[in-house]
There are 2 protein chains.
Amino acid sequence: MRKKKDKAGEGEFARDGLANSRIHGSIARTLGVAIVSGQYAPGDILNNEIDSSEQLHVSRSAYREAIRILAAKGLVESRPKTGTRVTERSRWSLLDPEVLAWFFESEPSEEFLKGLYELRMIVEPAAAALAAERRNDTQLERMRKALIQMESQTLATEAGQAADRDFHDTVLEATGNPPLFTLSSSIGAAVRWTTIFKQRKRELPRDPMPDHWKVFDAIAAARPDQARQAMEKLVGLALEDTRAAIEPKD
Amino acid sequence: MRKKKDKAGEGEFARDGLANSRIHGSIARTLGVAIVSGQYAPGDILNNEIDSSEQLHVSRSAYREAIRILAAKGLVESRPKTGTRVTERSRWSLLDPEVLAWFFESEPSEEFLKGLYELRMIVEPAAAALAAERRNDTQLERMRKALIQMESQTLATEAGQAADRDFHDTVLEATGNPPLFTLSSSIGAAVRWTTIFKQRKRELPRDPMPDHWKVFDAIAAARPDQARQAMEKLVGLALEDTRAAIEPKD
DNA sequence: AGATCGCTATTTGTCTGACTAAATAGCCAA
DNA sequence: TTGGCTATTTAGTCAGACAAATAGCGATCT
């Protein structure tokens with residue numbers, strides 16, 4: 001009864017190779033992905049804890065801990081007798097790093113991506129302006145290193161993409177505004193998908209470096225307005241590229 | 001090495017009267033407040049699960065579920081052998097409604113409030129502009145009703161304050177951008193504290209209604225730029241009022 | 001002396017099963 | 001019809017055992 005071989009179908013939950021090697025984390029991820037991908041609709045009630053944990057071949061306590069994680073992120077709500085139900089979308093913590101990752105586990109909807117870009121378009125230019133006023137030398141150096149790395153590795157490599165994200169991250173950090181900085185995971189997600197979509201197009205994509213350097217130069221020169229405008233242009237072009245790739249007209 | 005007798009007052013955790021009536025929620029709140037208020041510093045290691053749960057007079061499973069909640073919000077990180085440690089501030093989900101509530105449980109630091117206002121200053125004018133383009137009649141009606149309620153009840157009443165928050169909420173919702181809308185809890189928190197600080201001053205505070213109506217009119221008239229400017233002014237004045245109240249010079 | 005390997009103690013992680021408490025639905029009586 | 005009681009279902013809590021991971025130490029080898 002204990003270690004029986006899983007029957008196909010039920011009891012499958014992916015244990016991520018690296019992180020999330022704990023069962024509760026894996027279950028949370030599995031359920032989280034199922035919820036954000038629409039496999040469960042808001043208002044739907046999950047099977048009760050006993051049935052669910054049996055189907056997944058895990059103990060009730062591990063399953064419950066997974067549910068607590070989902071509840072903490074606003075995806076579900078539990079009450080005695082009623083059970084655990086999926087909450088309405090407006091209550092989901094869409095900017096939570098994990099929730100975001102679950103969203104991007106399957107291809108995100110165009111509408112969702114559009115929303116994320118709109119957020120970038122609002123936040124990043126303002127952040128660049130603040131960064132131009134407040135950045136310290138360490139942060140400036142980190143930005144420069146990131147761009148150099150991005151330049152030499154190109155966005156075709158994982159290291160280059162990480163450098164890209166690191167640059168945008170550091171800009172946010174240089175605002176010295178902690179609440180603003182927590183948006184970095186959301187913006188990082190959008191940045192990542194810009195790259196993915198750009199590379200999906202066959203043609204050689206536009207070189208992103210000049211735009212990035214303009215932002216950097218303005219921040220280094222402590223020119224807020226210039227930094228805002230440069231970042232506006234950068235994000236605008238990224239949006240364009242992504243939109244072009246997402247609407248395949250050819 | 002380990003303290004035999006812990007601090008006096010062991011086993012105390014507030015069970016919120018209304019929501020959070022479950023033990024795991026109460027413990028999460030107690031620990032969450034202790035963490036964000038600086039009672040535990042990032043890097044600190046919590047007592048192990050057995051000791052902690054005994055001190056709180058709860059079962060280990062209830063305690064563990066609380067820890068899972070905190071981990072889901074990025075406040076702590078658990079690993080075997082090492083224990084559960086408080087994560088660095090930059091990983092905290094500062095915009096999560098519960099985390100925000102824990103922050104405001106004790107008086108928030110001026111710096112934190114400033115960050116929140118800066119976020120408002122960035123997000124709300126842009127949101128008002130988008131709302132002017134996209135709002136539907138239902139949302140418009142909700143905004144109008146909120147302002148009327150706010151006008152008649154005044155910000156001295158709980159109902160009036162709720163109406164204020166509802167107005168700002170609806171503007172965010174009218175952007176039609178779900179990721180943007182999730183910022184409403186953060187912005188609502190800032191709005192709430194504007195009122196608290198304003199009322200702390202003895203003198204009769206400035207009437208907030210004209211500014212609000214200007215924003216509404218612009219959104220109703222579908223004029224994005226006008227809406228942006230009106231909201232900019234509204235938030236700017238709110239910031240001023242709060243700053244005046246937070247720095248008592250008289 | 002230094003590096004390497006493996007052991008062990010400690011801590012979280014998982015499991016089991018029983019019992020408690022809350023919330024609902026449905027019944028029964030007024 | 002209504003109002004309240006009760007049965008039932010579900011999450012919530014508890015206790016205790018065992019498993020897995022790993023940081024740190026110590027023995028061993030070079």
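Quick note on labels: first sequence line is chain A, next is B, and so on, each numbered from 1. Small disclaimer: the values here were computed from a predicted structure and weren't measured.
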Distance-only, no hydrogens or angles: does the B:Gln161 side chain make a donor-acceptor pair with backbone N or O of B:Leu155 under 3.5 Å?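 Such a contact is found between B:Gln161 side chain and B:Leu155 backbone.
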Has B:Arg135 got a side-chain atom pairing as donor or acceptor with B:Ile219's backbone, closer than 3.5 angstrom?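 Yes, B:Arg135 side chain to B:Ile219 backbone: donor-acceptor pair under 3.5 Å.
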Rounded interatomic separation in angstrom, taking [atom1] from [X] and [atom2] from [N]:
X       : N      : atom1 : atom2 : result
B:Ile69 : D:dG12 : CD1   : P     : 10 Å
A:Arg22 : D:dT22 : CZ    : C1'   : 10 Å
A:His24 : C:dC15 : NE2   : C1'   : 15 Å
B:His57 : D:dG12 : NE2   : C1'   : 20 Å
A:Arg60 : C:dG13 : CZ    : C1'   : 18 Å
B:Arg79 : C:dG13 : CZ    : C1'   : 14 Å
B:Ile50 : C:dT10 : CD1   : P     : 12 Å
B:Glu49 : C:dG13 : CD    : C1'   : 8 Å

Determine, for [X] against [Y], whether the closest basic-nitrogen to carboxylate-oxygen distance falls under 4.0 angstrom.
X        : Y        : value
B:Arg22  : B:Glu65  : no
A:Glu158 : A:Arg165 : yes
A:Arg89  : A:Glu111 : no

For [N], does either OP1 or OP2 sit under 4.0 Å from a side-chain N or O belonging to [X]?
X       : N      : answer
B:Arg68 : C:dG13 : yes
A:Ser59 : C:dC15 : yes
B:Arg64 : C:dG13 : yes
A:Thr82 : C:dT24 : yes

Residue met sooner reading DNA chain D from 5', once A:Gly83 and B:Ser61 are mapped to nucleotides: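 Here A:Gly83 is the residue nearer the 5' end.
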Nearest to side-chain heavy atoms of A:Ala62, which nucleotide of D:dA11, C:dC15, D:dC14: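 Of the options given, the side chain of A:Ala62 lies nearest C:dC15.
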Can you identify which nucleotide, out of D:dA11, D:dT13, C:dC15, has its nearest atom closest to the A:Asn48 side chain?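 Given the options D:dA11, D:dT13, C:dC15, the side chain of A:Asn48 is closest to D:dA11.
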With DNA chain C as reference, determine whether A:Gly25 or A:Lys81 sits nearer its 5' end, using the nearest nucleotide of each.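 It is A:Gly25, whose closest nucleotide lies nearer the 5' terminus.
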